[in-house]
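Structure, as C-alpha cells:
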Protein chains: 2
Amino acid sequence: MDNQQIKDAGLKVTRPREKILGILERSGRRHLSAEDVYKELLTNGDDIGLATVYRVLTQFEGAGLVCRRHFETGQSVFELNSGDHHDHLVCVRCNRVVEFVDSVIEERQSAIAAQHGFHIEDHSLVIYGVCTDCAVKG
Amino acid sequence: MDNQQIKDAGLKVTRPREKILGILERSGRRHLSAEDVYKELLTNGDDIGLATVYRVLTQFEGAGLVCRRHFETGQSVFELNSGDHHDHLVCVRCNRVVEFVDSVIEERQSAIAAQHGFHIEDHSLVIYGVCTDCAVKG
DNA sequence: TAGCAAGATGCGAAAGCTTCTCAGTTGTCT
DNA sequence: AGACAACTGAGAAGCTTTCGCATCTTGCTA
C-alpha cells in the first residue's frame with residue numbers, strides 16, 4: 001500500500017515519509033503547504049522537523065508522487081499526483097481550490113507553443129476569483 | 001509624459017520613481033525583477049536602495065502602471081502595464097518570455113469559472129518550455 | 001539476528017527574496 | 001521661503017525554503 005509507493009520511488013520506508021504520505025492522502029484539502037503538513041504532524045504528536053517535511057515533499061515530487069504548485073500566495077502547495085493533468089481555480093478570499101480540465105484550452109496551448117517555436121515542458125493555468133460561498137458572505 | 005503618469009497615480013515625482021519608470025520603459029527586456037532594476041540603477045550610477053525599488057514597484061503596481069508576475073523562478077518580475085491582458089510563454093533554459101493572447105482560451109476560462117460559481121478576478125496562464133534557440137544549442 | 005554502510009533525520013544556521021523601521025531628506029502647496 | 005506630509009536609504013527583520021553535520025535507521029548480509 002503506502003509503503004510500496006515509497007519503495008517504488010527508490011526511497012527507504014521511514015516514519016516521516018509514511019506519516020507525510022498519510023497526511024496527504026487523508027487530508028480533506030487536496031492542497032497543503034509544507035507548513036500545513038508540518039502542523040498536522042505536530043497535532044498528531046509526531047516529532048518531525050520542518051526541514052524533513054520539505055526534503056520529503058521534494059523527494060516525493062521528484063518521484064512523481066506529488067505535484068508542487070506555486071500560487072500567488074508566496075508559498076508552495078503540494079498535492080498528491082493523481083496522474084491526470086489539471087488546472088486550478090483558486091478563491092482569493094478563502095483559498096478554496098477547485099480543479100478542472102479543459103481539452104479546448106489544452107489544445108490551444110499546444111498550438112500556441114508550437115507557433116512560437118516552443119517545446120512545451122509544463123504549463124500552469126490558475127484562475128483567481130471569488131467563489132459562491134464568499135460572494136454570498138459579501 | 002513620464003512624470004504625469006506618476007502624478008496621476010497620486011505619487012510625488014521623485015528621482016527614484018522617475019529613474020525606475022524610465023528603466024522599465026527603456027529596457028529591452030519587458031520583464032524585469034526588482035534585482036534587475038536595482039542593478040540597472042547601480043550601473044547608471046544612481047544611488048537608490050533596493051528597498052526603494054521594491055516600494056516603488058509595489059506602488060506602481062497598486063497604481064496600475066506595472067504588473068507583477070510570479071513565474072516559478074522564485075522571484076517576481078515586473079512589466080509595464082500595456083493595458084491589454086496577455087499570457088506568457090517562458091523558456092525554462094534562458095528565461096526568455098514571449099507574450100500572447102488567445103481569445104479561445106479567454107472564453108473557455110470565463111465559461112469554466114462561471115460553471116463553478118466563481119467570479120473571476122484575475123488569472124494567470126504560463127506555459128513553460130524550451131525555445132527554438134535553446135533547443136538548437138542542445 | 002547482529003552488524004554495517006548507505007541513507008535519513010533533526011536541529012540550527014543560512015540563503016534568497018521581500019518588507020519593515022526609523023531617522024533624515026525632499027517634493028508640493030501656500 | 002516655510003511647513004508638512006510624503007519619501008528615501010540602510011540595515012534589521014520576516015518568511016519560506018535549503019544546507020551542513022552529527023546522530024540515528026533502514027535494509028541488506030552473514
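No experiment lies behind these values; they were computed from the predicted model shown.
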Any side-chain N or O of R17(B) below 4.0 angstrom from OP1/OP2 of dT8(D)? yes
Give a yes/no answer on whether the side chain of S76(A) brings an N or O atom under 4.0 Å of OP1 or OP2 in dT17(D). yes
Residue pair L11(B)/H70(A) against DNA chain D: nearer the 5' end by closest nucleotide is L11(B)
Quick check for you: among dG10(C), dT16(D), dT28(C), whose closest atom lies nearest to any side-chain atom of Q75(A)? dT16(D)
Would you say dT16(D) has OP1 or OP2 under 4.0 Å from some side-chain N or O of S33(A)? no
If hydrophobic clusters are built by linking Ile, Leu, Val, Met, Phe, Trp and Tyr wherever their side-chain heavy atoms come under 4.5 Å apart, do Y38(A) and I48(A) end up in the same one? yes
Specify the separation, in whole Å, of atom NZ of K19(B) and atom P of dT26(C). 15 Å
To the nearest Å, how far apart are Y54(A) OH and dT16(D) P? 7 Å
Axial bend angle, the helix from dT1(C)-dA30(D) to dT30(C)-dA1(D): five-pair end segments, nearest 10°: 30°
Are the side chain of N44(B) and the backbone of D46(B) linked by a donor-acceptor contact shorter than 3.5 Å? no
Would you tell me whether R55(A) and T52(A) have side-chain atoms, one donor and one acceptor, within less than 3.5 Å of each other? yes
Can you see if the side chain of R15(B) gets near the phosphate of dG27(C) - specifically, an N or O under 4.0 Å from OP1 or OP2? no
Does E40(A) form a side chain to side chain contact (heavy atoms under 4.5 Å, CB included) with K19(A)? I'd like the steps, not just the answer. CA-CA 10 Å; E40(A) 184 71 21; K19(A) 298 287 187 182; over 6 Å; no
R17(A) side-chain N/O to V56(A) backbone N/O, donor-acceptor pair under 3.5 Å: no
What nucleotide, of dT28(C), dG10(C), dT26(D), holds the atom closest to the side chain of K12(A)? dT26(D)
Donor-acceptor pair under 3.5 Å, R55(A) side chain vs dG7(C) base: no
So what does T14(A) touch, heavy atoms closer than 4.0 Å: a base, only the sugar-phosphate, or nothing? sugar-phosphate
